[in-house]
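Down below is the structure, laid out as structure tokens.
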Amino acid sequence: ANVLIESDKRFDKDRIRMKDKSDHATIENVLDSRIKNKLHKLFEKGILAEINGCISTGKEANVYYAKSKNKDEIAIKIYRTSILTFRNREKYIRGEYRFDHVHSLSNPRKMVKVWAEKEFSNLKRLEQGGVRAPRPILSGGHLLLMEFLGSDGWAAPKLKDAVLTDSKSRTLYRECIEIMWKMYNKCRLVHADLSEYNMLYHDGSIVVIDVSQAVDRDHCNAMEFLRNDCSNITAFFKKYDVGVMSLQALFDFITD
Ligand code: ADP
Ligand code: MN
């Protein structure tokens with residue numbers, strides 16, 4: 001049953017413990033030998049001390065919960081290399097000066113590497129611009145290590161799953177607009193997949209996640225992506241008694 005560990009003697013049994021069989025199945029699907037090697041190096045360096053299970057399995061990536069040697073909680077995002085997902089990624093990479101040097105987007109492996117680096121660099125920009133997001137730790141190959149958001153090993157809920165009072169939802173709506181403004185004006189980024197699915201509700205505020213597709217505001221499709229983000233956010237907060245601004249007013253507020 002324990003194929004991951006038994007098939008790879010370089011892994012110390014005691015250091016990688018998966019919670020249950022379903023975790024084994026999912027981790028085997030994404031962990032090719034390169035990723036295992038990379039993880040092994042991180043164990044040797046003490047950057048990782050244990051991987052304790054799967055937080056999320058998505059179409060594009062799986063996210064695992066881990067701890068460092070000094071017990072810091074870490075989220076590991078491992079990106080998929082499947083053909084289906086990389087076609088979609090291209091339009092977020094092309095059309096931006098940061099990726100002018102990338103010529104081999106037809107190679108899924110290289111594409112995923114660029115994708116992981118892109119998320120890392122976007123998280124850095126968010127940190128520098130003062131937008132709450134997981135602190136990036138490192139990216140290499142197909143994976144990204146970042147600060148884990150949650151408490152006692154429980155990941156913070158997505159905004160869509162948070163239970164909000166009317167007054168809290170009003171505060172969060174304002175917070176969300178401020179985040180979009182800061183992302184655009186301080187970090188020069190457009191999230192491009194912003195919704196209640198890619199914001200966590202942590203310690204009473206919003207934390208932005210999943211920025212691999214976020215583009216520089218000079219990207220040729222940035223305005224289209226921003227309009228779409230505005231529309232997702234407006235649709236979500238319309239469910240609450242917050243008195244949302246019009247789509248155009250929100251867009252103008254962010255870009256003016
Ligand atoms: P994708 O949507 O491409 O699968 P995400 O970056 O949105 O990837 O991550 C998937 C899920 O994993 C999130 O919805 C969230 O529940 C969880 N997650 C991601 N990053 C973190 C983190 N740093 N801390 C806690 N949970 C996280
Ligand atoms: Mn997501």
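Nothing fancy with the numbering, it's 1 onward along the sequence. Order of listing sets the numbers, starting from 1, for every ligand and every atom in it.
When only modelled atom types and interatomic distance are considered, Tyr65 and Glu73 share a side-chain donor-acceptor pair under 3.5 Å. Gln248 and Asp252 are linked by a side-chain donor-acceptor pair at a separation below 3.5 angstrom, with hydrogens and angles left out of the test.
In this structure the side chain of Lys77 reaches within 4.5 angstrom of the side chain of Asp210, judged on heavy atoms. Met146 is not listed as a side-chain neighbour of Ile74, based on a closest heavy-atom distance of 4.5 Å or more.
Looking at Glu127 and Lys124, a side-chain N of the basic residue comes within less than 4.0 Å of a carboxylate O on the acidic one, giving a salt bridge. A salt bridge links Lys182 with Glu178; the closest basic N to acidic carboxylate O contact falls under 4.0 Å.
For the side chain to side chain contact (heavy atoms under 4.5 Å, CB included) with Ile233, the qualifying choice from Glu196, His191, Met199 is Met199, the only one to do so.
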Tabulating one pair per line, provide the atom names and distances (0.1 Å) for every N/O atom of ligand 1 that is less than 3.5 Å from a protein N/O atom.
| residue | atom | partner | partner atom | Å |
| --- | --- | --- | --- | --- |
| ligand 1 | 2 (O) | Asp210 | OD2 | 3.0 |
| ligand 1 | 6 (O) | Lys77 | NZ | 2.7 |
| ligand 1 | 7 (O) | Asn198 | OD1 | 3.2 |
| ligand 1 | 7 (O) | Asp210 | OD2 | 2.9 |
| ligand 1 | 8 (O) | Lys77 | NZ | 3.3 |
| ligand 1 | 14 (O) | Lys158 | NZ | 3.2 |
| ligand 1 | 16 (O) | Lys158 | NZ | 3.4 |
| ligand 1 | 23 (N) | Glu147 | O | 2.9 |
| ligand 1 | 24 (N) | Leu149 | N | 2.9 |

Exercise for the section: Could you give me the CA-CA distance, side-chain angles and deciding distance for Arg125 and Asp216, then say whether salt bridge (Lys or Arg N to Asp or Glu O under 4.0 Å) is met? Expected result: CA-CA 10 Å; Arg125 281 202 195 185; Asp216 188 273; 3.0 Å; yes
Practice task
Determine, step by step, whether Asn122 and Arg98 satisfy the side chain to side chain donor-acceptor pair (under 3.5 Å) criterion, reporting the C-alpha distance in whole Å, the side-chain angles of both residues, the deciding distance to 0.1 Å, and the verdict.
Solution key: CA-CA 11 Å; Asn122 288 339; Arg98 282 187 292 174; 2.8 Å; yes
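Around the Mn ion (ligand 2), the protein atoms of type N, O or S found under 2.8 Å away are Asn198 OD1, Asp210 OD2, listed by chain and number.
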